[in-house]
Amino acid sequence: MNIKLISGAIALLLCVASCTQKDDVYLTVIPQPNNATELTGTVALSDNICITAPSGNDGADKVVRYLSGHFNVSDGEASTPILLKEDTTMAAEAYLLEITPSKGVEITAAPDGSGWFYGVQTLMQLRNAGNGVVKAVRIDDAPRFVHRGAHMDPARNWLPKEEVLKFLDLIALYKLNVFHFHLTDDQGWRIEIERYPRLTEVGSKRPHTQIGHADTYNPVRYDSIPDEGYYTKDDIREILAYAADRFITVIPEIEMPGHASAALAAYPEYSCGLGKTYIVQGRFDVFDEVFCPKEETFEFLCNVLDEVIELFPSQYIHIGGDECPKKAWAKCDHCQKMIKDLGLADEHELQSYFIKRIEQHVNSRGRSIIGWDEILEGGLAPNATVMSWRGEEGGIEAASAGHDVIMTPAHWCYIDYYQEDPALAPQGIGGYLPIDTVYSYNPVSAAIPDSLQHHIIGSQVNIWGEYIQTPEHFEYMAFPRLLAMSEVQWTQPSRKSFEHFCRALDAEFPRLDSLGVNACRNFYQANIFGHYNRDTKQYEVELKTLWPDAEIEYTLNDSTFAEALKYTQPFALENNATVWARALRDGKQEAPATHRILKVSKASGATVDTHSEIIDGYVGLPRDSYAWKGTYGDTITVTFDEPVEVSSVRSRALYRPNYLWWPPSRVTIEVSADGDKFETVFDQEKMPFAEPPTESTAYPVAADFKPTEAKVVKVILKCCKSISSDSGEPAHVALDELEIN
Ligand code: ACM
Ligand code: ZN
């Protein structure tokens, strides 16, 4: 062979080595692995596999059991080999997954087995659902955080054991490793405690449940459907075994000192007394009925916790600690004496004393407590881990003081909030938390000193159950946002890409469907937004979808899409309209069309001296506070860029006594052509207001008057009620949108 041929051969070999592998590729996997190299070829992963795994290894046994649930395990010729290899130098949960035509599937991980399990999850997502083919790849992956949680609240509305098991199965697919089980609250006690049978005999039942949102000024409306259920110890053991098989730790939450109505309905002797009747609440609120920090109460709670600790192997026991009103303690002779005797400053320090006492007990059993961030108030218990929910501040404070923290700030992590236009969604608690906002979350705040950032041990989604009455609704809230959170928890920030996530999610939906998950399909819908464009001086509509490569079609006031237009860019809207939109890919629609009522008037783009949202085009939904804005000053001043002729004002006022929102009893409109001299063009004493009103009614506000030149319009609203809250806040008017024409 001459020298030329030899160098040619070397060049070819080098090319084979380098041209056949692509580094740092993004895979159709959620959460996105942290390192992936694409190799040459494919592996046919048939329904038949043969597994080689270390013997006498619990973790390997679990993974083999799991695989056996999804494949036929046999040694036949047609079986794809799967090798589980031990590497004692690897960290728990990390895995190396190599899929090559020559060797089949090899997963290398630490002997505890969690890494093999996660390698299997990645493998199953890579496998083509149709033909079982997997592309050759090498994945070197490990999680960003050790606490990757999801929370469930069957205390508010009962959810059966079967839904718990289904949820555990689902969160395991996305490599979550903590299930936060919120077992007790004002509306239900859901765990059997043998020593105190009344906790479930009395505390797990209620005759009815509030309909819609709370209202403290009128009798709440209730359904007549009993809510009842608790998990027996055998149920819990089954749940724990199922979770352990999926490398999930279950953290139980037993709420104290607040959120205690159900427990106190069963054992009122552990309250402050004060002549109250204690009931399992059917209403959703924060209640003044809390545990009284007397010795008998500590004995009761420690006995309860002992049974919980005996049952749950988790290092952490969550003791709640959130939203504990101090009214009862302020009135209770025993509590006041304790504050004095212990030299405490106030009731907040009494709560701190309470939590510290409980922590001592839990620590004495070799376990640690987690509490919501209110446990910072009055001084943090020495070994407590903090779950920061009211924002990141509590977490930042705790981590900066050297405590471990799990970040669950509501703004990014409360997926009981709406994920789509609330007008199109099932009844929710409120808020707005779309999937891209969940995805954008970074639990490690820059406000924590570098050297203490390791105290952020993870994050989780919380799914509070107040408005979630069925398993289907629970899944609707959890999915697909939980998948966005899985990437927050697992994937390094430098590897995260929302665009790739959307492509992977598109491929993952069919699997969620095949698993019978009732996921929200907003991902496949067109979302409709409106805003005034100051440059073009027009009210514009923008349509967006997360569905990759999809087109959007829209119509005005036509749900049949007969004359649908293709959306290419924001378009101007000149009058009130209902915009209808739908996303399509290759002519196919995967979710229902959406619509939004938009109000466009001469006021669009004008300046308003109160909430600018009062002129944003969006109408309010009577059942939700979203889009309704309370105005205290009674006078709303609207200033136009240029004088315009006006002759009418339209709006709606929401009746929501819970927020001190009442309709107006008098509406006056004043108009000025120069912004200086005002003329009263409309003044009506008695706007129609039906008594007794139904909570969440939107009352029309309408004023018509002679055409008048206006630079400034003043809308003066007199609230029909002259009551105040305990803190002196007066009743006022809340509007969704002001239209002036
Ligand atoms: C909470 O959301 N009350 C922790
Ligand atoms: Zn008391």
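Start at 1 and go down the list; that is how both ligands and their atoms are numbered.
For the pair R656 and Y659, the cation sits on the ring face: its NZ or CZ lies under 6.0 Å from the ring centre, inside 45° of the axis.
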Next item on the list: Could you check E253 against W372 for side chain to side chain contact (heavy atoms under 4.5 Å, CB included), going step by step and ending with a plain yes or no?
Entry: CA-CA 11 Å; E253 181 180 356; W372 298 108; 2.8 Å; yes

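Nearest protein heavy-atom contact of atom 2 (O) of ligand 1 is Y414 OH, 2.6 Å. Here the protein heavy atom with the shortest distance to atom 3 (N) of ligand 1 is D322 OD2, 2.6 Å.
Centred on the Zn ion (ligand 2), the angle running from C335 (SG) to C292 (SG) is recorded as 110°, rounding to 10°.
Of the N or O atoms in E323, one or more lie within a sub-3.5 Å distance of an N or O in ligand 1.
Taken to the nearest 0.5 Å, the CD1 atom of I463 stands 10.0 Å off from the CG atom of L159. For the atom pair CD1 of I435 and CZ of F498, the computed distance is 6.0 Å after rounding to the nearest 0.5 Å.
For ligand 1, the atoms lying closer than 4.0 Å to a non-hydrogen atom of W464 are 1 (C), 2 (O), 4 (C).
Using modelled atom types and a 3.5 Å distance limit, the side chains of Q336 and E347 yield a donor-acceptor pair.
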